[in-house]
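Bear in mind the structure is a predicted one, so any value in this text is a computation, not a measurement. Below, all heavy atoms of this structure are taken into account, side chains as well, without hydrogens, waters or symmetry copies.
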Amino acid sequence: MTSSSETGPSIVPTGSLDPFALGRAMDKLVTTALAAQTWCLVSAAGATVQTADKSKAQAMSTAQEEVRDSARAYLSTQIPGVVRRLVDIQSASALFQSMQTLAAQAPEQSAVCLDAVTKDFGNFQQMADEFAKLYESFCEQAETRGAALATCAGAEIRRLSAGKGKIATASRALKDMQQTVSKDLDDVIEASHKAGKGARRILDSVADALKGIGGKGKATDGPEAAHGGIEDTYSGDVGKALQKLRKDSEKLETLYKELAGLQAGLQVMVKVDEDCAAYVRSVRAVAGPARAVANIWQQVYAEYSAAVVKHTQPSESAALAKDIDGAAVKWESLREQTKTLSAAITGN
């Protein structure tokens, strides 16, 4: 490539603009787009959460579905937009390859060819700018929807986990019922000893009835089935004690299941909230590189437009042809880079 002092201004972007700045900006755009693509898939496939407060269920469902819609829109609209920015660079490379051939065959036509290509660069800049503007609007919408879901999720998490939340309330109720069942067992033991008959069989049956309660929120055969036969056999104080134990054991089992469900619901809610926050952050991260690409295209267009004005003399045709050769090499290098980036984001 000849220097500008020998041939006049080079048509390869120089000075404040690095020739490969566009390539680096595209690399960042694709990298951030890939990260957002991953979180889109997570958000779109996220579990549907159930709120403990039924009156809040519709708001939560709506907020979650809107975030899913946003994620699907990103995949169907924004990713293709990023791919098109890669295609613009590939098109620019193809244009310069055509110019290189023409400049070698008819140097005097190089300036006219460069003018036509520069106009195409103006189109690339305009399309990149439109994409950046549309993406910025999409990003604002995604942030609004993410904030709505975060508000619903945060309120639900507080309802479940706060000091007076449903989990704390269920835990206290469970602890109280455990103490009640323990007292019931003491009453059964005392009544059986007073009755003076079958104490061992009674206690073995009680042990079978309580086996498994609280382990996973599931009883083995259920206290009702185990106690039924005993209550039919024994009457008086023993029968009453067994009946109370059966009823309280059922309540205890219900509380275990309720608490397990609340805790599982809290875990799902926290994950949905965190996944949504990550999705919004990743979407926001794409906006900067998208705008940077548009700005660099603007600089490229401006510098090539200036080069067209400078190279109007027939005597400069040979020098311009050499500049075109150098530019073609650089655009081809960028095209090779975009192949890798395109494969990363499209899987092809």
K.L.:
Is the closest side-chain heavy-atom distance between Leu22 and Trp331 below 4.5 Å?
P.N.:
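Contact flag for Leu22/Trp331 side chains = yes.
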K.L.:
Evaluate the side-chain proximity of Ile345 to Val82: yes if any heavy-atom separation is below 4.5 Å, no if none is.
P.N.:
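Val82 reaches Ile345 side chain to side chain.
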K.L.:
For the residue pair Val181 and Asp248, what are the closest heavy atoms and their distance?
P.N.:
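So the minimum-distance heavy-atom pair works out to CG2-O, 3.7 Å.
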K.L.:
What do the steps show when you test Gln78 against Tyr135 for side-chain contact (heavy atoms from CB on, under 4.5 Å), and what is the final call?
P.N.:
CA-CA 7 Å; Gln78 306 308 323; Tyr135 190 86; 3.1 Å; yes
K.L.:
Nearest 0.5 Å please: distance from the OG1 atom of Thr62 over to the CZ atom of Arg145.
P.N.:
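One gets 11.0 Å once the value is rounded to the nearest 0.5 Å.
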K.L.:
So Trp297 and Asp88, side-chain contact (heavy atoms from CB on, under 4.5 Å) or not? Walk me through it.
P.N.:
CA-CA 10 Å; Trp297 266 119; Asp88 291 345; 4.0 Å; yes
K.L.:
Distance-only, no hydrogens or angles: does the Ser182 side chain make a donor-acceptor pair with backbone N or O of Gln178 under 3.5 Å?
P.N.:
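Side chain of Ser182 to backbone of Gln178: no pair is present.
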K.L.:
Go through Tyr279 and Glu274 one step at a time and tell me if the side-chain hydrogen bond (donor to acceptor under 3.5 Å, both in side chains) criterion holds.
P.N.:
CA-CA 9 Å; Tyr279 162 68; Glu274 291 175 346; over 6 Å; no
K.L.:
Mind running salt bridge (charged side-chain N to carboxylate O under 4.0 Å, His left out) on Arg172 and Asp176 for me, showing each step along the way?
P.N.:
CA-CA 6 Å; Arg172 288 192 293 269; Asp176 291 343; over 6 Å; no
K.L.:
So does Ala47 get a backbone contact from the side chain of Gln64, meaning a donor-acceptor N/O pair under 3.5 Å?
P.N.:
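Indeed, once roles are kept as given, a pair shorter than 3.5 Å links the two residues.
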K.L.:
Within the 4.5 Å heavy-atom criterion, are Tyr74 and Val286 side-chain neighbours or not?
P.N.:
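In short, these two side chains touch, coming nearer than 4.5 Å.
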K.L.:
Please round to the nearest 0.5 Å and tell me the distance separating atom CZ of Arg85 and atom CG of Leu29.
P.N.:
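CG of Leu29 is found 9.0 Å from CZ of Arg85.
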K.L.:
Would you mind checking if Arg72 and Asp69 are paired as a salt bridge, meaning a charged N to carboxylate O distance below 4.0 Å?
P.N.:
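Arg72 and Asp69: salt-bridged.
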K.L.:
When rounded to the nearest 0.5 angstrom, what is the spacing between CG in Leu34 and OG in Ser282?
P.N.:
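One finds 11.0 Å between CG of Leu34 and OG of Ser282.
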K.L.:
Measure the shortest side-chain to side-chain distance between Ser171 and Leu259 over non-hydrogen atoms and say whether it is less than 4.5 angstrom.
P.N.:
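Of all side-chain heavy-atom pairs linking Leu259 with Ser171, at least one is under 4.5 Å.
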K.L.:
Do Gln267 and Val270 have side chains that approach each other closer than 4.5 Å (heavy atoms only, starting at C-beta)?
P.N.:
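The answer is no, as the side chains (C-beta and beyond) never meet within the 4.5 Å cut-off.
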K.L.:
With side-chain contact (heavy atoms from CB on, under 4.5 Å) as the test, would you mind laying out the steps for Thr338 and Ser342 before giving the verdict?
P.N.:
CA-CA 6 Å; Thr338 62; Ser342 181; 5.7 Å; no
K.L.:
Look up atom CD1 in Ile324 and atom OG1 in Thr101, then write down how far apart they are to the nearest 0.5 Å.
P.N.:
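One gets 10.5 Å once the value is rounded to the nearest 0.5 Å.
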K.L.:
Charged N to carboxylate O below 4.0 Å: is that the case for Glu140 and Arg284?
P.N.:
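Arg284 and Glu140: not salt-bridged.
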K.L.:
Keeping Ser91 on the side-chain end and Val87 on the backbone end, is there a donor-acceptor pair under 3.5 Å?
P.N.:
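Yes: the side chain of Ser91 pairs with the backbone of Val87.
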K.L.:
Would you compute the distance between atom OG1 of Thr118 and atom CD of Gln125 and round it to the nearest 0.5 angstrom?
P.N.:
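Reported value, rounded in 0.5 Å steps: 13.0 Å.
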K.L.:
Any non-hydrogen side-chain atom of Arg291 less than 4.5 Å from a side-chain atom of Glu136?
P.N.:
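Side-chain contact under 4.5 Å: yes.
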K.L.:
With heavy-atom distances below 4.5 Å as the criterion, would you say the side chains of Thr180 and Lys244 are in contact?
P.N.:
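A side-chain contact exists here, since the closest heavy-atom pair is under 4.5 Å.
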K.L.:
Is there a donor-acceptor pair closer than 3.5 Å between any side-chain N or O of Ser70 and the backbone N or O of Glu66?
P.N.:
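It does not hold such a pair.
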K.L.:
Are any of the side-chain nitrogens in Glu65 or Arg68 under 4.0 Å away from the carboxylate oxygens of its partner?
P.N.:
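Between Arg68 and Glu65 there is a salt bridge, with a charged N closer than 4.0 Å to a carboxylate O.
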K.L.:
Can you check salt bridge (charged side-chain N to carboxylate O under 4.0 Å, His left out) on Lys339 and Glu336, steps first, answer last?
P.N.:
CA-CA 5 Å; Lys339 284 183 179 180; Glu336 290 301 317; 3.3 Å; yes
K.L.:
Testing Val272, Thr51, Thr48, Thr151 one by one against Met60 for a side-chain contact (heavy atoms from CB on, under 4.5 Å), which residue passes?
P.N.:
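Testing Met60 for a side-chain contact (heavy atoms from CB on, under 4.5 Å) against Val272, Thr51, Thr48, Thr151 leaves exactly one candidate, Thr51.
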K.L.:
Hey, mind stepping through Ile296 and Gln299 against side-chain contact (heavy atoms from CB on, under 4.5 Å) and telling me if it holds?
P.N.:
CA-CA 5 Å; Ile296 293 173; Gln299 295 178 61; 4.3 Å; yes
K.L.:
Are side-chain heavy atoms of Leu75 and Leu41 found at a separation under 4.5 Å?
P.N.:
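Side chain of Leu75 against side chain of Leu41, heavy atoms only: contact under 4.5 Å found.
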K.L.:
If the threshold is 4.0 Å, N to carboxylate O, is there a salt bridge linking Lys133 and Asp129?
P.N.:
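A salt bridge is present here (some side-chain N lies under 4.0 Å from a carboxylate O).
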K.L.:
Do any N or O atoms from the side chain of Ser98 and from the backbone of Ala94 form a donor-acceptor pair under 3.5 angstrom?
P.N.:
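Side chain of Ser98 to backbone of Ala94, a donor-acceptor pair under 3.5 Å: yes, one is there.
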K.L.:
Enter the distance from Glu258:CD to Thr169:OG1 here, rounded to the nearest 0.5 Å.
P.N.:
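If we round to the nearest 0.5 Å, Glu258:CD and Thr169:OG1 are 9.0 Å apart.
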K.L.:
Do the charged groups of Glu156 and Arg159 touch, with an N to O distance under 4.0 Å?
P.N.:
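So Glu156 pairs with Arg159 through a salt bridge.
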K.L.:
Hey, what's the ring geometry for Phe96 with Phe121, parallel, tilted or perpendicular (30° and 60° as the breaks)?
P.N.:
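If you compare the ring of Phe96 with that of Phe121, the planes turn out tilted.
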